[in-house]
Amino acid sequence: MKLIAPSVLSADFGHLERDLQMINRSEADWLHVDVMDGTFVPNISFGFPLMEPMRKYCTKPLDVHLMIVHPEKYVERFCDAGAWSVGFHLEAVDDPLPILDMIRAKGVRTCLTINPDIAVERLVPYLDKVDMVLLMSVFAGFGGQKFIPETMDKIRFIREEIDRRGLQTLIEIDGGVNAENASELFRAGADVLVAGSAVFGSPDPEKTIREMKQ
Ligand code: DX5
Ligand code: ZN
């Protein structure tokens, strides 16, 4: 699959409706929603109050990426707030399985995420228990960072594992993605590319999204 999920983190929150209408018009597949708590990552973004206008004005599915400690306390509220998928970090929890169950029980798609310093092998036992895995290609916390090239081998490794076992699990890549590296990432086996600054910082965001899909 070749999906693009622009990250609303880089949108202009003073003109959120305008930016979301651009996403609606564009070939973007999902809207990526980055939630940061200031504890799991050294930055705070936004939380529940913005889920409401995003659900109201955005016609694309909301792909929620929780960069928070204790995701078990909040995943159900994000599901109720209209998330299409909810992901949290493997390294933020002791046992992801009961939290994945909470999300699935709400009828919402599940995603497990790891930062670049977490061994990609740690995702392997969960590949058949989630709808998607998200490999961070920068350290979670900020938009506008440089893509970490070592991510490429991790994508190939997970792709091989998913294909060998005949699974449908999607691979999402997040951080430093742009129109220049998108095709290489898809070729390595990524299904979904998140892009914040490359999309919202572009003079022609719709064109950039189109280019990334090619
Ligand atoms: C980083 C977030 C990313 C971020 C990507 O912690 O998870 O989704 O918005 O931004 P860019 O595309 O600018 O690297
Ligand atoms: Zn993200």
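What you see below is based on every heavy atom in this structure, not just the backbone, and it leaves out hydrogens, waters and symmetry mates. Ligands are counted one by one from 1 in listed order, and the atoms in each one are counted from 1 as well.
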Ala198 heavy atom under 4.0 Å from ligand 1: no
Atom 1 (C) of ligand 1: the protein heavy-atom neighbour that sits closest, reported with distance to 0.1 Å: Phe142 O, 3.6 Å
Heavy-atom donor-acceptor pair, Arg159 side chain to Gly189 backbone, under 3.5 Å: yes
Atoms in ligand 1 flagged as close to His65, the criterion being non-hydrogen separation under 4.0 Å: 7 (O)
Shortest protein contact, atom 14 (O) of ligand 1 (heavy atom only): Gly176 N, 2.8 Å
Pair His32, Asp34: side-chain N/O donor-acceptor within cut-off below 3.5 Å: yes
Asp34 atom (N/O/S) at minimal separation from the Zn ion (ligand 2): OD1
Flag, side chain of Thr113 to backbone of Gly87, donor-acceptor distance under 3.5 Å: no
Of all N/O/S atoms in His65, the name of the one nearest the Zn ion (ligand 2): ND1
Donor-acceptor contact below 3.5 Å, side chain Lys146 vs main chain Val138: no
Ring centroid separation Phe48 to Phe78 under 6.0 Å: yes
Region of Ser7 engaging ligand 1 - heavy atom pairs below 4.0 Å: side chain
For atom 10 (O) of ligand 1, closest protein heavy-atom neighbour: Gly143 CA, 3.5 Å
Proximal atoms of ligand 1 relative to Ala195 (non-hydrogen, under 4.0 Å): 12 (O)
For Val194, the ligand 1 atoms whose distance to one of its heavy atoms is below 4.0 Å: 8 (O)
Nearest neighbour in protein (non-hydrogen) for atom 12 (O) of ligand 1: Gly196 N, 2.7 Å
Any donor-acceptor N/O pair, Asp191 side chain to Met1 backbone, under 3.5 Å: yes
Residue His32 vicinity, atoms of ligand 1 by number, heavy atom under 4.0 Å: 8 (O)
Shortest non-hydrogen contact between Val194 and Val177, atoms and distance: O-CB, 3.2 Å
Protein residue, atom and distance nearest to atom 4 (C) of ligand 1, heavy-atom basis: Asp34 OD2, 3.7 Å
Per-atom contacts of ligand 1 with Met36, taking only distances under 4.0 Å to non-hydrogen atoms: 6 (O)
Side chain Asp19, main chain Asp12, donor-acceptor under 3.5 Å: yes
Close-contact set for ligand 1 against Gly141 heavy atoms, below 4.0 Å: 1 (C), 6 (O)
Shared hydrophobic cluster for Tyr126 and Ile103 (ILVMFWY, side-chain gaps under 4.5 Å): yes
Ion pair Asp131/Arg104, N-O distance below 4.0 Å: no
For Leu9, the ligand 1 atoms whose distance to one of its heavy atoms is below 4.0 Å: 9 (O)
Val138 heavy atom under 4.0 Å from ligand 1: no
Working for side chain to side chain contact (heavy atoms under 4.5 Å, CB included), residues Met51 and Phe46: CA-CA 9 Å; Met51 287 296 288; Phe46 52 78; 5.9 Å; no
Asp174 atom (N/O/S) at minimal separation from the Zn ion (ligand 2): OD2
Gly175: numbered ligand 1 atoms lying under 4.0 Å from its heavy atoms: 14 (O)
Atom 13 (O) of ligand 1: the protein heavy-atom neighbour that sits closest, reported with distance to 0.1 Å: Ser197 OG, 2.5 Å
Test item: side-chain donor near acceptor, Thr151 and Ser137, under 3.5 Å: no
Residue and atom name of the nearest protein heavy atom (relative to atom 5 (C) of ligand 1), distance in Å to one decimal: Asp174 OD1, 3.5 Å
Side-chain donor or acceptor of Asn43 paired with backbone N/O of Gly141 under 3.5 Å: yes
